[in-house]
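This report refers to the structure that appears directly beneath it.
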Amino acid sequence: MKEHDGGPPRHPLDVVVVGSANADLVVQVERHPAPGETVLGSELAVHPGGKGANQAVAAARLGARVALLGRVGADGHGRLLRESLERDGVDLGHLRDTPAASGIAMIAVGPRGDNSIIVAPGANARLTEDDVLEAAALLRSAPVVSLQLEIPLPAVLAAARLARRAVLNLSPAVPLPDELLALCDPLVVNEHEAALLLGAPGEPDRQAKELLALGPRSVVITLGADGAVVAEGGAVAEGGAVAEGCAVRAVPSPRVAAVDTTGAGDAFTGALAWRLAAGEPLVRAAAFAARVGAAAVRRPGAQDSYPTMAEVEGL
Ligand code: ADP
């Protein structure tokens, strides 16, 4: 697969996603196996996934010009991942073939939709700081770089340093170095990730302020069916409750019949990154992203469930 030589892309980009691509290997089970136990499951279904690829597809399907910087294996799963990204028009000039197995997620789905997941990062774990530095021109060319944590932290940090604006979804949740936290604009977390970072669960408005106090330029907490809360430093968000120099604003999600919430956070973040790249204020971008997240839970799967712009407008 031909790669760019590190120069800027041929077309202007809205968003560069630096992140993971995984093949999701999904099996339905009557019940989850206990340690040492074997259970028979359904036929295997293989879907394109991984938080980086999901963000890229979510934004591209809405109409964003997106590139994905990452690594996949030169194997069948790698080809599946490339094909799905190409179908949605994601620029793959910086998706490198790697002498390792493609990342996979082994997903067992129980009768009530309860998942247990094992991720084998494979090629994703080989993404280095040097890979990111080699693509410096690409990263600097885009208004927003969108990040998550299924790739090594040094690569994430290098990308955030180069970004004109870094959006980081803290998933899977790990403690972040202060330098990386300070570069997030916004830091995007769900309720569990917020609790993990703060050491305890709590009321979302308060948690948003506490997260902001950790150093990011702005914070978004996604709240499933309840939408999201947005916190920004300074009294800038219109109508927000202003306290200690920070504004917190609730963003609702449309009511939908939720079928499968897999990948909803990735859809939210991809959409948010795109609207920020288009110059929208954070609160308005988050309101749009909440509609995209809501649209995505109406269908099963992750990327398969992501909406087009027409579907979001129809909500
Ligand atoms: P994650 O997938 O990271 O746990 P959430 O579950 O908070 O993230 O979902 C992300 C976004 O998707 C929410 O902010 C919301 O806009 C939308 N969403 C998720 N679940 C629902 C739901 N049941 N009804 C409506 N919107 C939802």
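Indexing begins at 1, ligand by ligand and atom by atom, following the structure's order.
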Which residue and heavy atom of the protein sit nearest [atom], plus the separation:
atom: atom 11 (C) of ligand 1; result: Phe268 CD1, 4.0 Å
atom: atom 2 (O) of ligand 1; result: Gly265 N, 3.0 Å
atom: atom 4 (O) of ligand 1; result: Asn190 ND2, 2.9 Å
atom: atom 9 (O) of ligand 1; result: Ala264 CB, 3.7 Å
atom: atom 8 (O) of ligand 1; result: Thr222 OG1, 3.4 Å

Between [Y] and [X], do the side chains contain a donor N or O and an acceptor N or O under 3.5 Å apart?
X: Ser171; Y: Gln148; value: no
X: Thr222; Y: Asn190; value: no
X: Glu150; Y: Ser20; value: yes
X: Asp260; Y: Thr262; value: yes

Tell me whether ligand 1 is touched by Gly263 - counting only heavy atoms on the residue side and a distance under 4.0 Å. no
Given the options Asp91, Leu80, Val90, Leu85 meets side chain to side chain contact (heavy atoms under 4.5 Å, CB included) only with Val90
Provide the number and element of each atom of ligand 1 under 4.0 Å from a heavy atom of [X].
X: Val256; value: 24 (N), 25 (C)
X: Ala258; value: 23 (N)
X: Pro254; value: 25 (C)

Keeping Asp75 on the side-chain end and Ser102 on the backbone end, is there a donor-acceptor pair under 3.5 Å? yes
Mind checking whether [X] contacts ligand 1 via backbone (N, CA, C, O), side chain (CB onward), both or neither, at a 4.0 Å heavy-atom cut-off?
X: Leu223; value: backbone
X: Ala296; value: neither
X: Ala290; value: both
X: Ala225; value: both

Only one of Arg126, Arg82, Arg79, Arg71 clears salt bridge (Lys or Arg N to Asp or Glu O under 4.0 Å) with Asp97; which? Arg82
With the 4.5 Å side-chain cut-off for hydrophobic clustering, are Leu153 and Val18 part of the same group? yes
For atom 25 (C) of ligand 1, which candidate among Ala289, Ser253, Ala295, Ala257 holds the nearest heavy atom? Ser253
Shortest heavy-atom approach to atom 15 (C) of ligand 1 - which of Gly227, Ala294, Gly293, Gly224: Gly224
Dump the intermediate steps for side chain to side chain donor-acceptor pair (under 3.5 Å) on Ser146 and Gln55, then the final yes or no. CA-CA 8 Å; Ser146 195; Gln55 287 185 353; 2.9 Å; yes
Do NZ/NE/NH1/NH2 and the carboxylate oxygens of Arg299 and Glu311 come within less than 4.0 Å? yes
